[in-house]
Structures are given as structure tokens and as C-alpha cells.
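Report on the following structure.
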Amino acid sequence: MSVLRLVTAIVFAALTSACALAPQQTDVSTGSKSAADTPSATVDPTSDGSASNRGSAAAPRSSAPPPRIQALPSPTAREVEDKLRVIPTIDLTAVPPDLWDRIRTGFSMPNLSSPLVQERQIWYASQPSYVKRMVERSKRYLYYIVEELEKRGMPTELALLPMVESAFNPMAYSRSHASGLWQFIPSTGKNYNLEQNSWYDGRRDIVASTSAALDYLQFLYQMHGDWHLALASYNWGENAVARAIEKNRAKGLPTDYLSLSMPAETRYYVPKLQALKNIIANPHSFGVDLEPVPNTPYFVTIERTRDIDVRLAAKLADMPLDEFLALNPGHNRPVIIANGSTELVLPADKAKIFLANLQEHDAPLVSWQTYTLKRGDSLQHLASKHGISLASLKQINGIGRRTRVGPGYQVLLPLKGASIEPLPVSFRPPAAAQSRTSARKISYTVKRGDTLSEIADRYKVSIDDLRRWNKIGRLNAGQRLTIETNQQAPKTSGRSAKKRRTARHK
């Protein structure tokens with residue numbers, strides 16, 4: 001018996017030792033001991049988990065399943081009952097109703113920091129009527145330009161470039177013979193397939209010139225890898241900018257836009273665009289009232305298969321002639337012929353009207369005939385024969401003082417019922433475009449009470465041209481303006497001339 005008790009004691013001692021030395025399991029998912037290895041004794045909620053506060057390993061076990069232990073909150077913790085705030089998100093797929101918002105979202109060119117930017121901002125902010133007129137004109141073209149920029153992945157700041165180039169005037173014409181919204185000179189226009197003849201000038205065609213301008217800008221960016229240098233090249237020419245870069249590089253100087261030596265016009269060029277970008281980004285900061293522009297297509301294009309009078313096309317589209325010409329400004333004569341664009345540009349809500357009226361129109365679409373001059377023909381004789389004055393015949397056909405007219409030259413002659421009323425003056429092709437050497441520069445001295453509109457009307461030029469030719473802020477008496485025109489300087493009476501001579505000698 002004593003031996004049996006001894007063996008039993010030894011076995012019991014061995015089992016007890018094994019239980020005491022058994023490793024405790026840890027829940028790898030939380031780093032805490034699992035409930036299966038937690039003693040069934042009551043747990044002191046103030047326990048810090050140290051060995052001294054854990055239950056004895058030798059405590060007697062119960063045959064009943066261990067009670068479910070719930071975690072008790074720490075006395076230093078507090079339950080947060082507030083609901084989580086929902087952080088508002090931006091839906092990048094949402095279409096903003098205002099095109100300006102869409103343009104701002106696409107701004108991606110590096111900002112230019114220069115005192116010239118500040119100067120241009122002040123100038124634009126001080127000319128609210130000019131900015132308003134520019135924005136009003138832009139409404140016809142902006143949506144299309146932004147669409148084309150986004151298709152190519154180009155910065156939407158470039159949609160503002162026609163503000164710098166032409167103030168969004170499709171008939172703008174510069175002293176360097178640049179024409180249209182994007183101000184292409186003749187040679188660059190031809191390089192980018194913009195047709196230019198006596199009937200049609202693709203540099204003024206909204207669709208064709210926009211495509212050409214974006215092609216050119218992409219080429220310049222690929223050339224320089226820098227948008228500021230690309231824009232400088234657009235204004236000054238890529239070869240001129242390349243030479244300026246090489247000149248700086250040879251001297252060990254920086255070759256960025258601000259470090260190059262360039263003409264004053266190019267020096268101001270990018271700062272103008274940056275100033276406009278800053279104003280569009282935050283118009284209220286500059287006191288500018290920026291009217292919303294609907295983020296919807298303003299115009300559509302339709303294929304044209306037959307020649308048609310400009311006036312008739314506007315009538316069939318049930319729209320004012322001025323508005324029709326603003327969308328189709330590339331045509332030099334009162335007839336749109338196949339020798340130019342094969343498309344008509346119409347407001348989005350007028351295309352169906354035009355097509356329906358065209359289908360019902362059973363009269364001729366053209367009230368003019370094309371005549372090729374033969375040897376011995378006289379413009380005066382042709383004008384008399386067709387019941388039109390020589391001056392009207394020349395104007396309709398874009399014949400200036402230096403236009404070479406001879407055998408082979410084509411002129412439009414009116415048929416019976418043709419309207420010989422000239423097109424609105426703001427949409428007549430510039431005389432310099434028809435005869436480059438015919439324009440002359442006039443120096444005009446501003447008089448007390450003069451306004452820009454009066455001066456522009458007097459010399460048959462636009463206010464925008466006056467602003468481009470001269471740095472005009474507020475007109476002051478005695479200020480001298482340069483004007484490019486075919487008009488002679490208005491004659492003054494001998495008394496007025498004598499007064500000016502006397503004033504000069506005082």
C-alpha cells in the first residue's frame with residue numbers, strides 16, 4: 001500500500017508539474033491570450049495583465065464549460081457615441097454647368113511669376129468693358145476649343161490664347177499680316193494647310209484654324225518640352241526662340257522663358273496669358289464680373305454640297321447675318337463656293353431649321369455668276385453692263401488699289417435679283433489681306449473729347465485693332481496713336497490747322 005501511495009504521489013506530482021510548465025497560447029490575430037487558456041477564476045478588471053495578477057495555475061478545474069469572458073472597458077477609456085462625419089467627395093465625372101469651371105479644372109501649365117503678370121492683371125481689371133466684349137465674343141467658340149484641347153490632352157489655359165491674339169475677333173488682322181482668332185501669318189497658315197485665296201481664307205475659318213493652331217502648339221511643345229517656350233515660339237517663331245536659347249546656353253546662362261532676350265511683344269506675351277488665367281481662376285478677387293458660359297456645344301457643322309449665297313444661307317438658318325458671319329468668317333465674297341470650306345458652321349439649335357428650309361427652297365441658291373476676265377475686258381464696262389457701280393464691283397470682289405486684275409482673274413457679277421448691299425463692315429475681309437502693300441500707317445493725335453469708338457469709325461478700323469497697335473489705357477488729349485488703314489487722314493479746315501501749328505510753336 002505504501003508503495004502504491006508513493007507511485008500515485010509521484011504520478012500526481014508529475015502531472016501537476018507538466019500543467020504548470022505548459023506554454024500559454026497566444027491569439028496571433030490580436031496578440032492576447034486566447035479564452036481557452038484563460039483561468040476560470042474571476043478576472044480582476046483592474047489587472048494590468050502581469051503575472052502577479054493572473055489566477056493560480058494550480059486552481060482546481062471545473063468539468064463545466066468555462067464561462068464566456070467579455071472584455072471590460074478600461075477605466076481610462078471612454079466610449080465614443082458620435083457618428084463618424086461623412087467627408088464630402090468630388091465627383092470628377094460630373095459635368096459642370098459653367099464652362100469656366102471646366103476650363104479651371106484643366107489648368108495644368110506651370111504658373112509664371114513676373115512683375116509683367118501683375119501689370120497685365122491691373123490692366124485687364126481696369127478695362128471691364130473690354131473684358132466683357134471679349135468674353136461675349138468668346139461664347140461662340142470656347143466650348144469647341146476646350147473640347148479639342150481635352151481630346152489632345154493639352155492644358156485648357158490655351159483656350160484663353162485667342163484673348164491674347166485677337167480678343168476673340170475672327171476678323172482681326174495685324175500689321176504682320178496675321179489673321180483670324182489664332183493670328184496665323186500667311187506662310188505658317190500654308191504650312192498647316194490653311195487655304196488662302198480671293199474666295200476664302202482658312203486662317204479665319206473657326207474649325208480649320210483651331211485645328212491648325214493646336215497642331216502647331218503641340219509641335220512647339222514637343223520641340224522645347226516647355227509650354228512657356230512653346231508660346232514664345234508661337235508668337236516670335238520657333239527659329240528665333242531656338243537661337244535665343246543657344247545664345248544663352250553658349251554664355252552659360254539659364255534658357256527658361258524669363259531668362260531669354262526677346263522682343264517686347266514676346267516678353268509680354270506669356271504674362272498676358274498668365275494674367276488672364278489668374279483672373280479667370282478667381283474673377284471676384286480682381287473685381288471682374290465673369291458671365292457664365294454654358295458647358296454645351298454652341299455650334300455644329302454640316303456638310304455643304306452646293307454653292308450658296310451668304311445672305312441666303314443665313315436666311316435659311318433663320319439667324320441674323322452678323323451671327324452667321326461670326327461662325328463662318330473665312331469667306332471673302334458674298335457667295336460660299338466649293339473652292340473653300342466644305343462645311344457650314346451653324347448654331348446647334350439652327351442646323352435642323354436650315355436643313356428643313358433648304359429642302360423646301362425651290363429657287364436658285366446663288367444669285368451671282370463667276371466670270372473669268374479675258375483680254376480687253378474692262379471692269380468699268382462689266383459693272384455698267386450688270387447694273388452695278390465700279391466701286392461696288394471692286395468691293396464685292398475684294399479688289400484693292402494694288403490688286404493685279406487681268407486676263408484669268410475671276411470676278412463675281414450679279415444676276416437678276418442679287419443683293420449688292422455690302423456685308424457688314426465688321427465682317428468685310430481686311431483690305432490688307434487682299435492687297436498687303438495697300439495699308440498705310442497714320443499717326444493720330446488724340447483730342448479732348450475723343451473716344452476710341454469715334455476714332456475707330458473715322459478710320460474704318462476696329463477698337464480691338466486700335467488697342468493692339470497702341471498701348472491704350474485711358475485716352476488723354478495729346479496722346480499719339482498709330483493707325484493702319486487705307487483711309488486718308490481726314491482733312492481739316494485751314495483755321496484748325498493754323499491753331500495746331502500755333503499750339504506747337506508755343
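Just so you know, these numbers come straight off a predicted model, no measurement behind them. For the single chain, residues carry numbers from 1 onward in sequence order.
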Validation: residues 223-236 side-chain donor-acceptor distances under 3.5 Å, sequence neighbours left out:
unit_1, atom_1, unit_2, atom_2, d
H224, NE2, S233, OG, 2.9
D226, OD1, H228, N, 2.8
D226, OD1, L229, N, 2.8
H228, NE2, P110, O, 3.0
S233, OG, L229, O, 2.9
Y234, OH, W182, O, 2.8
N235, OD1, T266, OG1, 2.7
N235, ND2, E265, OE2, 3.1

Would you list the atom pairs, donor with acceptor, under 3.5 Å between side chains in residues 295-302 and any protein atom, with sequence neighbours excluded?
unit_1, atom_1, unit_2, atom_2, d
N295, OD1, R102, NH1, 2.9
N295, ND2, P96, O, 2.9
Y298, OH, E323, OE2, 2.7

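By the 4.5 Å heavy-atom criterion applied to side chains, R304 and E343 are not counted as neighbours. Within the 4.5 Å cutoff, the side chain of L412 has no heavy atoms near those of the Q369 side chain. At least one side-chain heavy atom of V310 sits less than 4.5 Å from a side-chain heavy atom of L321. Inter-residue side-chain proximity for P186 and Q196 is flagged as met; some heavy-atom pair is nearer than 4.5 Å. Between L379 and I399, the closest side-chain pair of non-hydrogen atoms falls below 4.5 Å. For the pair T482/I442, no side-chain contact is recorded, criterion being any heavy-atom separation below 4.5 Å from C-beta on. Taking 4.5 Å as the limit, some side-chain heavy atom of E291 sits within range of a side-chain heavy atom of E136. Annotation: side chain of Y269 is in contact with side chain of E165 (closest heavy-atom distance under 4.5 Å).
In terms of heavy atoms, I353 sits closest to D349 at CD1-O, 3.7 Å. Contact detail for P424 and D322: the closest heavy-atom pair is CG-OD1, 3.0 Å. Looking at every heavy atom in both residues, Y130 comes nearest to M163 through OH-O, 4.5 Å. Considering every non-hydrogen atom in both A313 and F324, the closest pair reads CB-CZ, 3.5 Å. Between L346 and A317 the shortest heavy-atom distance is CD2-CB, 4.0 Å. The two residues L149 and A159 come nearest to each other via the heavy atoms CD1-N, 3.4 Å.
Ring to ring, Y268 and W123 are not that close: their centroids are 6.0 angstrom or more apart.
For NZ of K139, the number of neighbouring non-hydrogen atoms (other residues, nucleotides, ligands) closer than 6.0 Å is greater than 12.
One finds the NZ atom of K352 at 14.0 Å from the CG atom of N357 (value rounded to the nearest 0.5 Å). Separating the OG1 atom in T403 from the CG atom in N397 is a distance of 10.0 Å, to the nearest 0.5 Å. Atom-to-atom distance recorded for S261:OG and N248:CG is 8.0 Å, nearest 0.5 angstrom. To the nearest 0.5 angstrom, S138 atom OG is 9.5 Å from R140 atom CZ. For the atom pair CG of L273 and CE of M109, the computed distance is 5.5 Å after rounding to the nearest 0.5 Å. Note that NZ of K277 and CG of L160 are 9.5 Å apart. Values are rounded to the nearest 0.5 Å.
In this structure, the side chain of R104 engages the main chain of I280 through a donor-acceptor pair within 3.5 Å. Judged by distance alone, with hydrogens and angles left aside, the side-chain atoms of N328 form a donor-acceptor pair with the main-chain N or O of V345 at under 3.5 Å. Formation of a donor-acceptor pair under 3.5 Å by the S384 side chain with backbone atoms of Q380 is found in this model. Side chain of E157 to backbone of S108: a donor-acceptor contact under 3.5 angstrom is found. Looking only at distances, no side-chain donor or acceptor of R120 sits under 3.5 Å from a matching main-chain atom of P115. Between the side chain of S174 and the backbone N or O of A178, at least one donor-acceptor pair lies under 3.5 Å. In terms of modelled atom types and a separation under 3.5 Å, the side chain of Q274 and the main chain of L112 share a donor-acceptor contact. With hydrogens and angles ignored, the 3.5 Å screen pairs no side-chain donor or acceptor of K350 with any backbone N or O of M319. Judged by distance alone, the side chain of S367 and the main-chain N or O of A418 form no donor-acceptor pair under 3.5 Å. For D98 (side chain) and D101 (main-chain N/O), no donor-acceptor pair under 3.5 Å exists by modelled atom type.
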Derivation and outcome, side chain to side chain contact (heavy atoms under 4.5 Å, CB included), residues F286 and I122:
CA-CA 8 Å; F286 297 92; I122 294 171; over 6 Å; no
side-chain hydrogen bond (donor to acceptor under 3.5 Å, both in side chains) assessment of D256 paired with S259:
CA-CA 5 Å; D256 60 290; S259 300; 2.6 Å; yes
Under the side chain to side chain contact (heavy atoms under 4.5 Å, CB included) criterion, do I396 and I388 qualify, and how do the steps go?
CA-CA 11 Å; I396 289 167; I388 186 175; 3.7 Å; yes
Could you go through the side chain to side chain contact (heavy atoms under 4.5 Å, CB included) check for Y257 and V241 one step at a time?
CA-CA 9 Å; Y257 171 80; V241 172; over 6 Å; no
CA sep, side-chain torsions, deciding dist, call: R204, N332, side-chain hydrogen bond (donor to acceptor under 3.5 Å, both in side chains):
CA-CA 10 Å; R204 298 197 309 268; N332 292 331; 2.5 Å; yes
Hey, mind stepping through L217 and L161 against side chain to side chain contact (heavy atoms under 4.5 Å, CB included) and telling me if it holds?
CA-CA 11 Å; L217 286 165; L161 193 59; 4.2 Å; yes
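The existence of a salt bridge linking D215 and R152 is confirmed by a sub-4.0 Å separation between a basic side-chain nitrogen and an acidic carboxylate oxygen. Of the charged side-chain nitrogens involved, at least one lies within less than 4.0 Å of a carboxylate oxygen, so that K151 and E148 count as a salt-bridged pair. Between E195 and K190 no salt bridge is recorded (no basic side-chain N to carboxylate O distance below 4.0 Å). Salt-bridge annotation for R203 and D201: present, with a side-chain N of the basic residue lying under 4.0 Å from a carboxylate O of the acidic one.
Only one option out of L358, D309, D307 pairs with L365 in a side chain to side chain contact (heavy atoms under 4.5 Å, CB included); it is L358.
Of the N and O atoms on the side chains of S198 and R333, at least one donor lies less than 3.5 Å from an acceptor on the other residue. Side chains of T445 and R480: a donor on one and an acceptor on the other come within 3.5 Å.
By the 30° and 60° cut-offs, the orientation of the rings of Y459 relative to Y444 is perpendicular. Note: Y216 and F219 have parallel aromatic rings, judged against thresholds of 30 and 60 degrees for the angle between ring planes.
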